Amino acid sequence: MKVVIIDYGAGNTRSVSMALERLGAEAILSSDVAEISSADKVIFPGVGHARPAMQALRQRGLDIAIPQLKQPLLGICLGMQLLCAHTDEGDTPCLGVFDQRVRLFPPDLKVPHMGWNTTIALRAGDVFPSGWYYFVHSYYVPANADTALTCHYIHDFSAAMRRNNFYAVQFHPEKSGTAGELLLSQFLKL
Amino acid sequence: MLAKRIIPCLDIKDGRTVKGVNFENLLDAGDPVELAALYAGKGADELVFLDITATLEKRKTLYAMVEQVASRINIPFTVGGGISELADVGILLNSGADKISINSAAVRRPQLISEIADKYGNQCVVVAIDARREKDKWIVYLNGGRLHTGLELFAWAAEAERLGAGEILFTSMDHDGTKEGFAIDALSHMTQTVNIPVIASGGAGTMAHFADVFTQGAADAALAASIFHFREVAIPELKQYLMHHNIPIRL
């Protein structure tokens with residue numbers, strides 16, 4: 001099985017590839033459209049600011065290629081937000097796989113939302129088990145028709161979403177202990 | 001519900017844990033990777049590695065250790081100690097650390113906080129502050145308490161947040177090592193002063209101290225070293241205890 005982690009200079013690809021290695025999967029880091037398109041599974045990580053991240057995707061033609069992928073893709077953290085239509089972070093248009101607008105948490109509680117939080121499954125049959133996951137983010141995707149797991153912090157928001165072959169999680173499965181490992185291994189088995 | 005975090009702290013010298021660790025069933029108690037794996041398995045929510053290596057040449061050993069920890073451990077971890085410039089941060093994050101903690105370097109050159117936050121994001125910048133009470137003020141100290149900075153604790157914490165810190169790790173030097181409880185009043189003031197997570201450090205001796213620091217001190221996380229290393233408090237029992245006291249905890 002060929003697993004490719006999209007490497008576009010935004011984020012902690014290292015900890016994702018190490019997590020996959022612990023599960024016995026070798027992953028290739030690549031920003032090459034042909035390499036990514038030929039993968040069996042694609043992982044789309046991301047840490048940092050949305051605007052430079054989108055710029056980096058456009059420079060590599062990935063803004064066109066990613067929404068056209070047919071194999072299972074897992075967006076993580078900023079990767080999930082970039083799969084939405086738009087983010088308020090830097091007022092940035094994104095990839096549009098999920099028809100959602102990403103919003104900034106109001107300062108009612110501490111921002112970023114950082115640490116372990118519980119999630120609730122809204123539908124059965126996806127690769128996302130409910131449980132404790134590790135979150136670090138200041139922007140969130142509101143709960144919507146594609147939401148598979150919700151989490152509560154200030155608002156109910158999408159902890160995980162799925163539309164067709166596009167899977168996405170707001171938390172970091174690679175840092176979420178055994179719960180995160182289970183999720184990643186289920187994704188690899190798709 | 002967002003859980004309160006329990007964070008064991010490991011002191012590292014030349015790539016090995018120091019200050020003594022008392023665990024059975026560890027092949028090598030000095031091996032940070034093995035100890036980290038053990039704590040992660042017992043339910044630690046995060047780990048902090050504090051490098052007290054004296055010389056720059058030995059930093060390479062630290063980087064190798066960070067890589068090993070990252071390859072084995074599936075929970076977040078922070079590395080602190082000896083970070084004075086942006087380049088140090090890049091190496092540690094690329095080696096697999098999730099966050100870095102800066103202390104003296106941030107006091108000497110506060111702009112470093114912004115530089116790291118701009119390049120790598122606020123979430124990876126932990127500003128560590130050591131302070132002690134003097135009359136009616138809390139004063140920030142450096143170099144293990146030898147250097148009085150004249151900075152007032154809460155003003156400095158607010159400034160660190162403004163510059164881009166993602167978390168504050170506050171150690172009360174008056175409480176550190178006493179095992180008589182955390183600096184509840186100062187922590188309570190701190191958590192009202194800043195709108196970023198606050199990690200409490202210094203004074204943990206009993207499970208009740210953790211309950212107090214989360215309820216009265218409103219801390220987001222509590223850090224301790226020796227009580228975990230010498231098994232005076234076990235993480236699974238501590239978490240059960242906190243849950244019975246209605247404190248949100250990941251089990």
Side-chain angles (χ1 to χ4, degrees), chain A residues 9-23 46-50 52-53 77-78 89 105-120 131-139 151-154 156 171-185, chain B residues 1-7 37 39-47 66-77 92-99 117-126 161 164-168 191-192 194-199 218-221 239 248-251:
Chain A
N12 211 349
T13 52
R14 189 72 189 272
S15 57
V16 176
S17 67
M18 282 172 166
L20 294 176
E21 273 171 37
R22 285 195 291 273
L23 295 170
V47 172
H49 195 283
C77 196
L78 181 65
E89 188 175 31
F105 279 122
D108 303 23
L109 292 174
K110 295 180 181 187
V111 178
H113 171 222
M114 180 185 282
W116 296 82
N117 208 333
T118 43
T119 56
I120 296 167
W132 288 98
Y133 293 105
Y134 187 79
F135 292 83
V136 183
H137 60 125
S138 300
Y139 290 79
C151 179
H152 186 79
Y153 191 72
I154 305 175
D156 281 336
F171 48 83
H172 287 274
E174 75 280 12
K175 288 288 167 183
S176 292
T178 48
E181 279 176 357
L182 176 63
L183 187 152
L184 288 173
S185 72
Chain B
M1 190 156 194
L2 185 62
K4 301 290 188 181
R5 288 171 278 154
I6 303 294
I7 308 179
Y39 281 133
K42 286 191 182 297
D45 296 304
E46 262 180 69
L47 297 166
V66 170
E67 287 216 10
Q68 284 173 16
V69 170
S71 74
R72 277 277 301 279
I73 304 303
N74 56 16
I75 59 171
F77 69 98
L92 288 168
L93 295 179
N94 289 330
S95 303
D98 299 287
K99 309 176 196 178
D118 288 347
K119 180 143 190 200
Y120 300 104
N122 303 37
Q123 82 290 336
C124 75
V125 192
V126 180
E161 178 186 23
E167 277 180 292
I168 301 289
T191 51
Q192 287 165 39
V194 297
N195 201 40
I196 51 178
V198 175
I199 305 167
D220 299 280
K239 288 190 139 186
I249 280 292
R250 174 182 71 111
L251 281 181

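Computed from a prediction, not measured in an experiment: that's the story for all the values here. Lettering follows sequence order; numbering is per chain, from 1.
With a threshold of 4.5 angstrom between heavy atoms, B/Ala40 does not approach chain A through any atom at all. Contacts between A/Thr118 and chain B at a heavy-atom distance below 4.5 Å involve backbone atoms as well as side-chain atoms. If you measure heavy-atom distances from B/Asn94 to chain A, the contacts under 4.5 Å come from the backbone alone. For chain A, the nearby part of B/Ser95 is the backbone; its heavy atoms alone come within less than 4.5 Å.
Here the side chain of A/Asn117 pairs a donor or acceptor atom with the backbone of B/Met1 at under 3.5 angstrom.
When each of B/Gly41, B/Ser71, B/Cys124 is checked for heavy-atom pairs under 4.5 Å with chain A, B/Ser71 comes out on top. For the options B/Lys119, B/Lys4, B/Glu46, heavy-atom pairs under 4.5 Å to chain A are most numerous at B/Glu46. Contact count versus chain A (heavy atoms, under 4.5 Å) is highest, among B/Ala221, B/Gly166, B/Gly121, B/Pro197, for B/Pro197. Interface check for chain B: of the options A/Glu21, A/Glu181, A/His172, A/His137, the most heavy-atom pairs under 4.5 Å are formed by A/Glu181. The most heavy-atom pairs under 4.5 Å with chain A, out of B/Asp98, B/Asn195, B/Leu93, come from B/Asn195. Interface remark: of the candidates B/Pro76, B/Gly96, B/Ala3, B/Ala70, B/Pro76 forms the most heavy-atom pairs closer than 4.5 Å to chain A.
Taking 4.5 Å as the limit, every side-chain heavy atom of A/Met114 sits out of range of all side-chain heavy atoms of B/Ile196. Using a 4.5 Å cut-off on side-chain heavy atoms (C-beta onward), A/Tyr134 and B/Asn74 make no contact. A 4.5 Å side-chain heavy-atom check between B/Pro248 and A/Trp116 finds every atom pair outside the cut-off.
Within the cation-pi definition used here (under 6.0 Å to the ring centroid, within 45° of the axis), B/Arg250 does not qualify as a partner of A/Trp132.
For A/Ile120, the CD1 atom counts as loosely surrounded, since its 6.0 Å shell holds 12 or fewer non-hydrogen atoms of other residues, nucleotides or ligands. Heavy-atom contacts from other residues, nucleotides or ligands closer than 6.0 Å to CZ of B/Arg72 number 12 or fewer.
Under a 4.0 Å N-O distance rule, the pair B/Glu67/A/Arg14 qualifies as a salt bridge.
In this structure, B/Val194 and A/Lys110 approach most closely via the heavy-atom pair O-CE, 4.2 Å.
Separating the SG atom in A/Cys151 from the CG atom in B/Leu2 is a distance of 8.0 Å, to the nearest 0.5 Å.
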